[in-house]
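Throughout, numbering of the chain's residues begins at 1 and tracks the sequence.
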Amino acid sequence: QVQLVESGGGLVQAGGSLRLSCAASGRTFSRYVLGWFRRAPGKEREFVATISWNGANQYYADSVKGRFTISRDNAKKTVYLQMNSLKPEDTAVYYCAAGSPPGVRSSEYDYWGQGTQVTVSS
């Protein structure tokens with residue numbers, strides 16, 4: 001069992017940066033693939049980034065590649081999403097998730113946080 005709590009969201013101007021954190025509880029955190037997803041108003045939840053259990057491999061959605069960086073610290077049981085060069089279209093509720101196989105579909109993840117709001121003004 002893993003419980004996830006996101007933080008770090010807020011309001012930022014276009015071109016700015018934010019770093020999201022997701023703190024986990026549970027003894028098996030290091031075994032899980034971790035991902036970030038987002039849901040914009042009126043849209044379905046979409047994949048943002050994922051990272052392997054040891055942090056060696058990351059995969060990004062094309063829309064954020066080169067601007068966002070996912071990382072994890074297994075000792076701190078935390079996954080991060082560094083977001084640079086933010087755009088208004090990045091406005092969404094951001095969710096972290098934990099699962100076993102690597103994947104880009106939300107159905108592949110077993111545990112979810114409650115989400116944190118990111119708003120990018122133009």
Side-chain angles (χ1 to χ4, degrees):
Q1 189 83 11
V2 176
Q3 293 180 329
L4 304 169
V5 179
E6 302 96 335
S7 62
L11 174 64
V12 63
Q13 289 187 331
S17 298
L18 281 175
R19 188 174 83 153
L20 305 183
S21 300
C22 177
S25 62
R27 293 181 292 178
T28 58
F29 174 83
S30 61
R31 299 181 185 176
Y32 287 96
V33 169
L34 300 173
W36 285 96
F37 290 75
R38 66 186 182 186
R39 177 176 284 160
K43 296 186 178 180
E44 294 188 353
R45 185 162 53 189
E46 66 173 358
F47 167 78
V48 175
T50 187
I51 188 166
S52 60
W53 68 274
N54 61 356
N57 298 293
Q58 305 92 38
Y59 183 74
Y60 299 91
D62 287 343
S63 58
V64 307
K65 199 173 297 182
R67 300 188 297 123
F68 290 11
T69 302
I70 188 172
S71 61
R72 66 189 293 167
D73 185 333
N74 286 343
K76 295 182 177 180
K77 297 184 179 179
T78 302
V79 60
Y80 305 96
L81 186 68
Q82 177 66 44
M83 306 186 295
N84 298 328
S85 302
L86 282 161
K87 305 175 181 180
E89 51 264 43
D90 294 319
T91 295
V93 177
Y94 283 72
Y95 301 89
C96 68
S100 294
V104 301
R105 292 189 294 267
S106 58
S107 60
E108 295 172 298
Y109 291 81
D110 302 310
Y111 303 103
W112 292 83
Q114 83 290 347
T116 186
Q117 176 71 47
V118 172
T119 303
V120 184
S121 63
S122 58

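- Screening residues 73-83 for salt bridge (Lys or Arg N to Asp or Glu O under 4.0 Å) gives no qualifying pairs among residues at least two apart or on separate chains.
- You'll find the side chain of L18 reaches within 4.5 Å of the side chain of V118, heavy atoms only.
- Looking only at side-chain heavy atoms (C-beta outward), V64 and R38 come within less than 4.5 Å of each other.
- Atom-to-atom distance recorded for S30:OG and N54:CG is 10.0 Å, nearest 0.5 angstrom.
- There is a path of hydrophobic side-chain contacts, each under 4.5 Å, that joins V79 to L4.
- Between A14 and S122, the shortest heavy-atom distance links the atoms CB-CA, 4.4 Å.
- Within a 6.0 Å radius of OH in Y59, no more than 12 heavy atoms belonging to other residues, nucleotides or ligands are found.
- Listed by first then second residue, pairs satisfying salt bridge (Lys or Arg N to Asp or Glu O under 4.0 Å) with a partner in residues 99-122 read R105-E108, not counting sequence neighbours.
- K43 meets the side chain to side chain donor-acceptor pair (under 3.5 Å) test with no other residue; sequence neighbours excluded.
- Contact between Y95 and G113 at its shortest, heavy atoms only, is CD2-O, 3.7 Å.
- Shown here are the ring-ring contact (aromatic ring centres under 6.0 Å, His included) partners of Y109, two or more places apart in sequence or in another chain: F37.
- Sorted by first and then second residue, the disulfide (SG to SG under 2.5 Å) pairs with a member in residues 83-122 read C22-C96; sequence neighbours excluded.
- Looking at S52, its side chain does come within 3.5 Å of a backbone N or O of N57 through a donor-acceptor pair.
- Listed by chain and number, the hydrophobic cluster partners of Y80 come to none, as no ILVMFWY side chain reaches under 4.5 Å of it.
- Using a 4.0 Å cut-off between a side-chain N of Lys or Arg and a carboxylate O of Asp or Glu, K65 and D62 qualify as a salt bridge.
- For the side chain to side chain donor-acceptor pair (under 3.5 Å) test, no residue two or more places apart in sequence or in another chain qualifies with E89.
- No side-chain heavy atom of T50 sits less than 4.5 Å from a side-chain heavy atom of L34.
- For the atom pair CZ of R19 and CE of M83, the computed distance is 11.5 Å after rounding to the nearest 0.5 Å.
- By the ring-ring contact (aromatic ring centres under 6.0 Å, His included) test, Y94 is found to be paired with no residue, residues two or more places apart in sequence or in another chain being considered.
- Cluster annotation: I70 and W112 are assigned to distinct hydrophobic clusters (Ile/Leu/Val/Met/Phe/Trp/Tyr, side-chain heavy-atom contacts under 4.5 Å, transitive).
- Atom CD of Q82 has more than 12 neighbouring heavy atoms from other residues, nucleotides or ligands inside a 6.0 Å radius.
- Taking all atoms of both residues into account, the shortest heavy-atom contact from Y60 to A49 is CD2-CB, 3.6 Å.
- Counting heavy atoms from C-beta outward, I51 and W36 have side chains that stay 4.5 Å or more apart.
- For S17, the side chain to side chain donor-acceptor pair (under 3.5 Å) partners are N84, not counting sequence neighbours.
- Residues T116 and V93 form no side-chain contact, since every pair of their non-hydrogen atoms from C-beta on lies 4.5 Å or further apart.
- With values rounded to the nearest 0.5 angstrom, W53 atom CH2 is found 13.5 Å from S100 atom OG.
- N74 is linked by a side chain to side chain donor-acceptor pair (under 3.5 Å) to R72, counting only residues two or more places apart in sequence or in another chain.
- Sorted by first and then second residue, the disulfide (SG to SG under 2.5 Å) pairs with a member in residues 29-83 form an empty list; sequence neighbours excluded.
- One hydrophobic cluster, built from ILVMFWY side chains closer than 4.5 Å, cannot hold both V33 and Y111; they sit in different ones.
- Contact of the L81 side chain with the V48 side chain is registered, since non-hydrogen atoms from C-beta on lie closer than 4.5 Å.
- Taking 4.5 Å as the limit, every side-chain heavy atom of V120 sits out of range of all side-chain heavy atoms of K87.
- To the nearest 0.5 Å, atom CG of residue L11 and atom OG1 of residue T91 are 8.5 Å apart.
- Scored by the side chain to side chain contact (heavy atoms under 4.5 Å, CB included) test, T28 finds V2, R31, Y32 as partners (sequence neighbours excluded).
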